[in-house]
Amino acid sequence: MRIATWNINGVKARLHNLLHWLKDSSPDVACLQEIKCADEAFPAFEIEALGYNVAVLGQKGLHGVALISKHPIEDVTRGLPQADGDEQSRFISGLIAPKDATPIRVASAYMPNGNPIGTEKFEYKLAWLQRLEDWAREELLREEPLVIAGDYNIIPEPIDAKYPGNWVTDALYQPEPRAAFRRISALGLTDAVRAVNDGGGLYTFWDYQAGAWQKNNGIRIDHLLLSPEAADRLLLAGIDRHVRTWDKPSDHVPVWADLA
DNA sequence: ATGGTTGGTAGCCAA
């Protein structure tokens, strides 16, 4: 079972790429972020025509997440607990229920960017990560397969950037969100890509600006974190780099994990 | 130090 995550940077502008990638890579489950459209504007018809089910938490123009699955999507939850007036659409989870296999809870999460540091945006990022940590802690008590996939907007380690020094004043590389990532990991979650490859040079995002892609000036900020019950089934994980060479690409590429 | 690009919505913001 292949579970993938992709910050698509506008599903309407990227529909051709999305359909191509779904046919090409054929993930069982795809977690999308930054769909940038309201629920009713999500291109469900075209995606369902490829044999997928769809669950969406949209928002007009900004953010927005979705789950796409070849298997039934049950028990969908939208938003994290402790919302306290938070109206940004950044989290959806569902129980992926294959006919003859163990169900897996999969979350599609779009962590706040948090720039610039020293503003309420950065504080919002930290508060959001705390809410995710609280949710994950509760969810892990079930001792069941769980995948928290998405655009974490966190560069976990220096090897996750081509030029770490370029990011020292950026919210994606600050000590606080990196510590939050470590705390969440330390709950017992496994970084799927890192688990199968402990080297550097693995990137999931290249800025549109200044020829970042051509220079391979990338960062690894899209992650799949696996509960122990999911990690036990991890076969392989990877990054669909080639998608960045397509016409009108997202600035992120899909990341995936294959579970037995 | 600055500028560089894209998407979405509507005269700039978020990334």
Side-chain angles (χ1 to χ4, degrees), chain A residues 5-21 31-44 46-47 56-66 85-91 108-129 132 149-156 160-174 176-178 180-181 203-223 239-255:
Chain A
T5 180
W6 189 13
N7 180 322
I8 198 165
N9 190 20
V11 72
K12 287 182 281 183
R14 215 74 62 208
L15 183 57
H16 180 79
N17 282 22
L18 174 60
L19 298 177
H20 186 203
W21 173 70
C31 302
L32 302 181
Q33 300 89 37
E34 278 208 90
I35 60 173
K36 294 188 177 181
C37 68
D39 289 1
E40 58 272 19
F42 189 78
E46 292 88 339
I47 294 165
V56 181
L57 179 63
Q59 184 173 336
K60 186 180 179 181
L62 290 171
H63 321 309
V65 288
D86 180 10
E87 291 176 355
Q88 300 186 20
S89 295
R90 295 181 175 275
F91 186 90
S108 176
Y110 177 45
M111 288 60 170
N113 175 294
N115 278 305
I117 59 176
T119 68
E120 70 289 341
K121 290 186 175 185
F122 189 69
E123 295 307 314
Y124 174 71
K125 177 176 193 159
L126 299 182
W128 202 96
L129 288 166
L132 179 72
D151 175 3
Y152 280 70
N153 267 317
I154 298 172
I155 302 166
D160 296 311
K162 175 85 167 188
Y163 301 111
N166 287 1
W167 299 92
V168 292
T169 59
D170 194 287
L172 278 56
Y173 194 54
Q174 291 311 293
E176 298 93 334
R178 290 176 60 199
F181 187 85
Y203 310 130
T204 66
F205 168 94
W206 297 260
D207 201 292
Y208 287 123
Q209 303 183 76
W213 167 251
Q214 289 74 12
K215 299 173 190 167
N216 194 27
N217 177 11
I219 52 178
R220 193 176 74 95
I221 57 175
D222 301 271
H223 311 292
I239 301 170
D240 284 342
R241 264 183 77 98
H242 65 282
V243 172
R244 193 64 167 76
T245 68
W246 292 355
D247 192 42
K248 300 283 283 179
S250 170
D251 40 7
H252 299 247
V253 295
V255 184

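The analysis underlying the following values was restricted to heavy atoms, covering all of them including side chains, and did not include hydrogens, waters or symmetry mates. The model shown is predicted, which means the values in this text are computed figures rather than measured ones. Residue numbers begin at 1 in each chain, while the letters A, B, ... track the order of the sequences.
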Check your understanding: Counting any heavy atom closer than 4.0 Å, what does A:H252 reach on the DNA or RNA strands: base, sugar-phosphate only, or nothing?
Key -> nothing
Review point. Looking only at atom P, what distance separates B:dA10 and B:dA14, rounded to whole Å?
Key: 14 Å
Check your understanding: From B:dA15, B:dG8, B:dT9, pick the nucleotide closest to the side chain of A:K60?
Key -> B:dT9
Check your understanding: B:dA15 C1' sits how many Å from A:M111 CE, rounded?
Key -> 17 Å
Check your understanding: Rounding to the closest angstrom, what is the interatomic distance between B:dG4 and B:dA15 at atom C1'?
Key -> 13 Å
**Study point:** Whichever of A:P249 and A:N113 has its nearest DNA chain B nucleotide further upstream toward 5'
**Key:** A:P249
Exercise for review: Kindly point out which of B:dG4, B:dG8, B:dA15 is positioned nearest to the side chain of A:E34?
Suggested key: B:dA15
Practice item. Would you mind reading off the distance between A:F205 atom CZ and B:dA15 atom P, rounded to a whole angstrom? Key: 11 Å
Study note, to complete from the structure: Regarding the side chain of A:Q209, the nearest nucleotide among B:dA14, B:dA15, B:dG8 is B:dA15
Point to revise | d(CD1, A:I8; P, B:dA15) in whole Å | key: 18 Å
Check your understanding: Roughly how far, to the nearest 0.5 Å, is CG of A:N153 from CG of A:D170?
Key -> 9.0 Å
Review point. Any luck finding a side-chain donor-acceptor pair between A:K36 and A:N9 under 3.5 Å?
Key: yes
Check your understanding: Hey, is the side chain of A:K121 poking within less than 4.0 Å of OP1 or OP2 on B:dA14, counting only N and O atoms?
Key -> yes
**Study point:** Nearest to side-chain heavy atoms of A:K36, which nucleotide of B:dG4, B:dG8, B:dA14
**Key:** B:dG8
Check your understanding: Does a side chain donor of either A:W206 or A:N216 reach within less than 3.5 Å of an acceptor in the other side chain?
Key -> yes
Study note, to complete from the structure: Whole-Å distance, A:D247 CG to B:dT6 P, equals 11 Å
Review point. How close or far is atom C1' of B:dT6 from atom CH2 of A:W246, stated in whole angstroms?
Key: 19 Å
Exercise for review: Round to a whole Å and report the spacing from CG of A:N153 to C1' of B:dA15.
Suggested key: 8 Å
Check your understanding: Can you find a side-chain donor-acceptor pair between A:N166 and A:Y173 that sits under 3.5 Å?
Key -> no
Exercise for review: For this output row, return yes or no: ring centroids of A:W21 and A:W6 closer than 6.0 angstrom.
Suggested key: yes
Exercise for review: Take atom C1' in B:dC13 and the same atom in B:dT9, then report the distance between them in whole Å.
Suggested key: 9 Å
Practice item. Round to the nearest Å and state the distance from A:Y208 atom OH to B:dA14 atom P. Key: 18 Å
Exercise for review: Scan A:Y110 against the nucleic acid and name what it touches under 4.0 Å (heavy atoms): base, sugar-phosphate only, or nothing.
Suggested key: sugar-phosphate
Practice item. Starting at atom CG of A:D170, determine the distance to atom P of B:dA14, rounded to an integer number of angstrom. Key: 15 Å
Check your understanding: So, is A:K248 close to the B:dG7 phosphate, meaning a side-chain N or O under 4.0 Å from OP1 or OP2?
Key -> yes
Review point. Using atom C1' of each nucleotide, how far apart are B:dG11 and B:dG7 to the nearest Å?
Key: 15 Å
Revision key, fill the gap. Residues A:D251 and A:Y208: closest non-hydrogen pair is N-OH, 3.1 Å
**Study point:** Nucleotide nearest A:L62 when distance is taken to its side chain, options B:dG7, B:dA14, B:dA15
**Key:** B:dA14
